[in-house]
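Read the structure below first, then the notes.
Throughout, residue positions are numbered sequentially from 1 according to the sequence presented.
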Amino acid sequence: MAPSSADRIVIENVAIATVDAHDTEYASGYIVVAGNRIESIGAGKAPEGLENVVRRVDGTGHLATPGLVNTHHHFYQWITRGLATDHNLFNWLVALYPTWARIDEQMTYAAAQGSLGMMARGGVTTAMDHHYVFPKGSGDLSGSIIRAASEMGVRFTLARGSMDRSEKDGGLPPDFAVETLEGALAATEETVKKHHDASFDAMTQVAVAPCSPFSVSTELMRQGAELARRLGVRLHTHGSETVEEEKFCHELFGMGPTDYFESTGWLGEDVWMAHCVHMNDSDIAAFGRTGTGVAHCPSSNARLAAGIARVPDMLKAGVPVGLGVDGTASNESGELHTELRNALLINRLGAHREAALNARQALRLGTYGGAQVLGRATQIGSLEAGKLADLVLWKIDGIGHSSIADPVTAIVFGAAAPVTLSLVNGRPVVENGRLLHADEDAIARSTREEAQRLARIAAGS
């Protein structure tokens, strides 16, 4: 817990959705933040006589929730938005890999700033980036992404990706854009040892993350899992995203994606996978039995016509499920709070129809579910005394929300609610919809310039 001498922030007169195990809510309550922890939370007014109060916030007209947790993204794609807009996944990858293969450190830094800034403005307090494109001579890409997250003030997991199956091996990436098996494993281990923080209040963590079954060798999958477990970090990859991927796995490995993952050591409580759209009952049961997590990316799945993930069935089977923006080349908005709404609406188009998800389940996916998937549910994802002070105040008394009586319904079913205040580790990162630790106009200029530079380089290749 925070020491008694810690500076305190007191938030009062605010509706609260804690997303704790009992879905406790307060129509009007308080939150006391001491240092980087939530010290107390409850109905009514804050306790009297609190010392070292450096700020009091009147939360009238607001809903407080845990900060949103993004569980899948590709930051570098911020500078290739709006391309190949009418393609399915494989054709989209074929169209864009030649451009992505030209990225460098300056580009990834700018793209990370854009991706992180957009998410933070929309209530994300914990972000992750699955970065797997490491062209030869491109610089310290992992370091540039981590630096951008640190400067923004957002809690961050870097999923250090890799690819070793290029066009000459039957994969999709250009030959010069992939690493060798040995090189990928060595660079991943170096990244973990240099940047991963295993402490309770860690701001930066690293996961081992070979890209996907169709862009990495079986040996990289197998040895990547062994590496992660030796180092004590989590594992992440793409899985069961499209029918084409399932066909590829059957043709190449003689089995479907889930069986392939199990054969290479890729099911378990320390694993989460992106998408998982095309899963049968036995696949879902295997994920539930092993505690393997899922990053549900509804907008990207729709953008690439991949299909509808069976989220209600996953939840019923005990599968941990969080939400993901996915790369902004397949979700140009780059915002996670819109995924609360899209997850609810798109899943209602599936077999369960109106019973698929409700507003509170959608909010849980974007908060506690994401914390579970990233292995941080004891630290973040719900508003409880002793947890880290990652929280958001959503303004719900404006024109977009004031006539919706239920605050949680307002932010999930309604328009994207403005963020009045976002705290990460007890520190404000957004106020009145603006970033506090980054210049949004400068980011807009740099991302436009880097997008144009990348387009010129790709066109001349």
Side-chain angles (χ1 to χ4, degrees), residues 71-76 108 128-136 138-146 149 156-166 169 171 173 177-199 202-240 249 252-253 255 257-276 286-287 290-295 320 372-376:
T71 62
H72 186 66
H73 210 313
H74 308 296
F75 291 175
Y76 75 90
T108 57
M128 72 79 67
D129 182 30
H130 185 192
H131 188 86
Y132 53 85
V133 182
F134 292 91
K136 295 177 179 65
S138 55
D140 182 9
L141 305 189
S142 294
S144 72
I145 297 163
I146 290 170
F156 181 58
T157 294
L158 174 69
R160 204 291 180 183
S162 52
M163 299 186 292
D164 69 341
R165 186 193 296 275
S166 66
D169 306 309
V178 304
E179 300 172 282
T180 64
L181 169 65
E182 297 76 13
L185 292 169
T188 300
E189 181 166 4
E190 179 184 2
T191 303
V192 172
K193 290 181 174 178
K194 183 176 182 180
H195 295 292
H196 180 70
D197 181 356
S199 64
M203 291 297 290
T204 303
Q205 296 196 329
V206 179
V208 175
C211 181
S212 63
F214 50 84
S215 60
V216 306
S217 65
T218 297
E219 212 41 48
L220 181 51
M221 292 295 292
R222 185 175 290 114
Q223 292 190 40
E226 293 169 355
L227 173 65
R229 288 168 181 137
R230 174 165 60 83
L231 298 176
V233 298
R234 297 181 73 74
L235 300 86
H236 181 59
T237 191
H238 296 88
S240 302
C249 287
L252 199 63
F253 312 124
M255 63 186 86
T258 300
D259 290 336
Y260 175 67
F261 288 133
E262 188 160 30
S263 74
T264 54
W266 273 79
L267 294 184
E269 293 181 353
D270 55 355
V271 180
W272 86 102
M273 297 189 196
H275 304 297
C276 299
F287 273 53
T290 58
T292 305
V294 170
Q372 279 185 299
V373 162
L374 295 184
R376 306 202 66 174

> Hey, is R222 close enough to E226 for a salt bridge, meaning N to O under 4.0 Å?
Replying inline: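 Not counted as a salt bridge, because no side-chain N and carboxylate O are separated by less than 4.0 Å.
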> Is it true that R229 and E269 have a side-chain N and a carboxylate O under 4.0 angstrom from each other?
Replying inline: no
Give a yes or no answer on whether the side chain of [X] reaches the backbone of [Y] with a donor-acceptor pair at less than 3.5 Å.
{"X": "R165", "Y": "V178", "value": "no"}
{"X": "T290", "Y": "A286", "value": "yes"}
{"X": "S215", "Y": "C211", "value": "no"}
{"X": "H196", "Y": "Q205", "value": "no"}
{"X": "D270", "Y": "R234", "value": "no"}
{"X": "W272", "Y": "T71", "value": "yes"}

Out of curiosity, [X] [atom1] to [Y] [atom2], how far, rounded to the nearest 0.5 Å?
{"X": "I146", "Y": "T108", "atom1": "CD1", "atom2": "OG1", "answer": "11.0 Å"}
{"X": "K193", "Y": "T188", "atom1": "NZ", "atom2": "OG1", "answer": "12.0 Å"}
{"X": "T237", "Y": "W266", "atom1": "OG1", "atom2": "CH2", "answer": "5.0 Å"}
{"X": "D129", "Y": "H73", "atom1": "CG", "atom2": "NE2", "answer": "7.5 Å"}
{"X": "D164", "Y": "E179", "atom1": "CG", "atom2": "CD", "answer": "8.5 Å"}
{"X": "H275", "Y": "M273", "atom1": "NE2", "atom2": "CE", "answer": "12.5 Å"}

> Near E190 CD, under 6.0 Å, is it more than 12 heavy atoms from other residues, nucleotides or ligands?
Replying inline: no
Can you confirm whether [X] sits close enough to [Y] that some side-chain heavy atom of one is under 4.5 Å from a side-chain heavy atom of the other?
{"X": "M221", "Y": "F261", "answer": "yes"}
{"X": "V294", "Y": "V373", "answer": "no"}
{"X": "S142", "Y": "D140", "answer": "yes"}
{"X": "H195", "Y": "L158", "answer": "no"}
{"X": "I145", "Y": "H131", "answer": "yes"}
{"X": "L227", "Y": "R230", "answer": "yes"}
{"X": "F214", "Y": "C249", "answer": "no"}
{"X": "L141", "Y": "P135", "answer": "yes"}

Which heavy atom of [X] sits nearest to which heavy atom of [Y], and what is that distance?
{"X": "L235", "Y": "A228", "result": "CG-CB, 3.6 Å"}
{"X": "G224", "Y": "V208", "result": "O-CG1, 3.5 Å"}
{"X": "L267", "Y": "V271", "result": "C-CG2, 4.1 Å"}
{"X": "S240", "Y": "T258", "result": "OG-OG1, 4.3 Å"}
{"X": "T264", "Y": "A225", "result": "O-CB, 4.0 Å"}

> Does one side chain, of Y260 or T218, offer a donor that lies under 3.5 Å from an acceptor on the other?
Replying inline: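 Checked: Y260/T218 side chains pair up, N/O donor to acceptor below 3.5 Å.
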> Can you tell me if H238 and H236 form a side-chain donor-acceptor pair at under 3.5 Å?
Replying inline: no
>> Could you check whether R160 makes a cation-pi contact with Y132, meaning its NZ or CZ is under 6.0 Å from the centre of the six-membered ring and within 45° of the ring axis?
In response: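 The answer is no, since R160 fails at least one limit relative to Y132.
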>> Angle between ring planes, Y76 versus H74, binned at 30° and 60°: parallel, tilted or perpendicular?
In response: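 Rings of Y76 and H74: tilted, as their planes differ by 30° to 60°.
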>> Strictly by salt bridge (Lys or Arg N to Asp or Glu O under 4.0 Å), give each pair with a member in residues 202-214 just once, sequence neighbours left out.
In response: none
>> Does S263 form a side chain to side chain contact (heavy atoms under 4.5 Å, CB included) with F253? I'd like the steps, not just the answer.
In response: CA-CA 10 Å; S263 74; F253 312 124; over 6 Å; no
